[in-house]
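If you're wondering where the values come from, they're calculated on a predicted model, not measured in any experiment. Sequence positions, counted from 1, serve as the residue numbers for this chain.
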Amino acid sequence: MTAHFQFIDSPNHAHGNRDAEQLIFHQNLQKFSNRVSILSSLATGGKISLEDAFAKMNSLWEELSETVP
């Protein structure tokens, strides 16, 4: 699923003092947010089922939770 979203994931511009672990989490949080937005739009537009969108969002959430500092 990562390849489908590569064209949308933009470079991260974080501000303030952050260590590497926090920067990685911030980048992953931005990717999560972008992907959930896309999945929501696809489900709303009828391109994918709500169940499929939820399953993919749940998978994305699990990936994100593994990077929490």
K.L.:
Considering only residues two or more places apart or on different chains, which pairs with a residue in residues 48-69 satisfy ring-ring contact (aromatic ring centres under 6.0 Å, His included)?
P.N.:
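Listed by first then second residue: Phe32-Trp61.
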K.L.:
Among all residues two or more places apart in sequence or in another chain, which pass the side-chain contact (heavy atoms from CB on, under 4.5 Å) test with Thr67?
P.N.:
Phe25, Asn28, Leu64
K.L.:
Sequence neighbours left out, what passes side-chain contact (heavy atoms from CB on, under 4.5 Å) with Ser41? Give chain and number order.
P.N.:
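Listed in chain order: nothing, the list is empty.
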K.L.:
Using the side-chain contact (heavy atoms from CB on, under 4.5 Å) criterion, which residues pair with Leu50? Sequence neighbours excluded.
P.N.:
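side-chain contact (heavy atoms from CB on, under 4.5 Å) check on Leu50 returns Ala43.
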K.L.:
Sequence neighbours left out, what passes side-chain contact (heavy atoms from CB on, under 4.5 Å) with Ser59? Give chain and number order.
P.N.:
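Testing Ser59 for side-chain contact (heavy atoms from CB on, under 4.5 Å), a comparison that skips the adjacent residues, returns Glu63.
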K.L.:
Between Ser33 (side chain only) and Leu29 (backbone N and O only), is there a donor and an acceptor less than 3.5 Å apart?
P.N.:
no
K.L.:
Atom CG of Leu39 and atom CG of Leu60: how far apart are they, to the nearest 0.5 Å?
P.N.:
6.0 Å
